[in-house]
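What follows is a short report on a single structure.
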Amino acid sequence: MAVLFVVVAVVGLLSWGIVKSDELSGLGRNVRMGSLRHPHGRLVAVHGERIADDARYVDRVLRRVPVVTSLIALVAAVAGLAMEANGMRAGVVLVDLMMSGVVVVLFAGECILRLPKESQKFSVFVAVSFAGLLLATACDMGALALGAGAEGFIVIASRTVSSVAGCALGCALAAAAVREQARFERRFEDGYESAIAVSPRSAAYKAYRGLAVGKKAWESGRKQD
């Protein structure tokens, strides 16, 4: 699980960097057209409307819980533990698989599908997966500490169930923190246009709101180009 944790963290940082670079393209004082960060130059006009999810965080968590995949994973975990208790090798393999963190792909995938379409990005998937692995590891270590002195199988069972449940909860908590994004159309100084979705909490969102123009002005600017 540790190796998977590191891989997800590295991929997550790279994805986050690419997304943020695109959001901030054309913004700032030192904008130089043709540079890696500002390939199209300064951002000159923006058009869009805010889309916000005003539901409480707790309510968003309940809507993001990966119910289907959690049930499948828990059934698989219980089945694996039952087989392992009866000396079946397949049970050991199944339990190890449940504790390896692989199930985070299923949990994160379902959580992503429960998000608004604008938020269903690979970078969000990675962040949700990272949170799932983080809480799964914490729950695993907690179960191990609390089970000190207990029989070996009981410790394994508690660690397996705790890890799966923690992974699902971690993914849901992270997915609930993802706010429904605002979508903007952007026009740069070289005439290039693109659409982008940003979080209402981001610095780019505030800058876009400051450059926003009405639909008529936006279309007028397009005709002049």
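Since this is a predicted model, take the numbers as computed values, not measurements.
- Residue pairs meeting the side-chain hydrogen bond (donor to acceptor under 3.5 Å, both in side chains) criterion with at least one partner in residues 69-82, sequence neighbours excluded, are Thr69-Glu110.
- In this structure, the separation between NZ on Lys117 and CZ on Arg183 is 9.5 Å, given to the nearest 0.5 Å.
- Within the 4.5 Å cutoff, no side-chain heavy atoms of Val46 are placed close to those of Val213.
- Atom OH of Tyr208 is separated from atom CG of Leu27 by 5.5 Å, given to the nearest 0.5 angstrom.
- For His38 against Leu24, the heavy-atom pair with the smallest separation is CE1-O, 3.8 Å.
- No continuous path of hydrophobic side-chain contacts links Val105 to Val93 [ILVMFWY only; heavy atoms under 4.5 Å].
- Val103 and Val95 fall within a single hydrophobic cluster, where Ile, Leu, Val, Met, Phe, Trp and Tyr are joined by side-chain heavy atoms under 4.5 Å apart, directly or via other members.
- Using cut-offs of 30° and 60° on the angle between ring planes, the pair Tyr192 and Phe188 is tilted.
- Between His40 and Met33, the shortest heavy-atom contact is C-CG, 3.8 Å.
- Within the 4.5 Å cutoff, the side chain of Phe184 has heavy atoms near those of the Arg209 side chain.
- Across every non-hydrogen atom of Ser129 and Val104, the tightest pair is O-CG2, 3.4 Å.
- For the pair Glu189 (side chain) and Arg42 (backbone), a donor-acceptor distance under 3.5 Å is present.
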CA sep, side-chain torsions, deciding dist, call: Leu106, Ile72, side chain to side chain contact (heavy atoms under 4.5 Å, CB included): CA-CA 10 Å; Leu106 299 177; Ile72 293 174; 5.6 Å; no
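- The minimum heavy-atom distance linking Val164 with Ala73 is given by the pair CG1-CB, 3.8 Å.
- With hydrophobic clusters built from ILVMFWY side chains whose heavy atoms lie under 4.5 angstrom apart, Val61 shares a cluster with Leu135.
- Residues forming a side chain to side chain contact (heavy atoms under 4.5 Å, CB included) with Val124 (at least two apart in sequence, or on another chain): Ile112, Leu115, Lys121, Val128, Val178.
- Atom-to-atom distance recorded for Leu134:CG and Cys171:SG is 11.0 Å, nearest 0.5 angstrom.
- Linking Ile, Leu, Val, Met, Phe, Trp and Tyr whenever their side-chain heavy atoms come within less than 4.5 Å leaves Leu74 and Val65 in two separate clusters.
- In this structure, Ser162 contributes its side chain and Arg159 its backbone to no donor-acceptor pair below 3.5 Å.
- The shortest heavy-atom contact between Arg64 and Cys111 is O-SG, 3.2 Å.
- For residues 125-137, the set of pairs meeting the salt bridge (charged side-chain N to carboxylate O under 4.0 Å, His left out) definition, not counting sequence neighbours, is empty.
- Val161 and Phe107 fall within a single hydrophobic cluster, where Ile, Leu, Val, Met, Phe, Trp and Tyr side chains are chained together by heavy-atom contacts under 4.5 Å.
- Remark: Leu94 CG to Arg89 CZ distance equals 12.0 Å, nearest 0.5 Å.
- In terms of heavy-atom proximity, Gly166 sits nearest to Cys139 at CA-SG, 3.7 Å.
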Arg187 vs Glu193, salt bridge (charged side-chain N to carboxylate O under 4.0 Å, His left out): CA-CA, chis, key distance, verdict: CA-CA 5 Å; Arg187 181 179 297 123; Glu193 295 182 5; 3.0 Å; yes
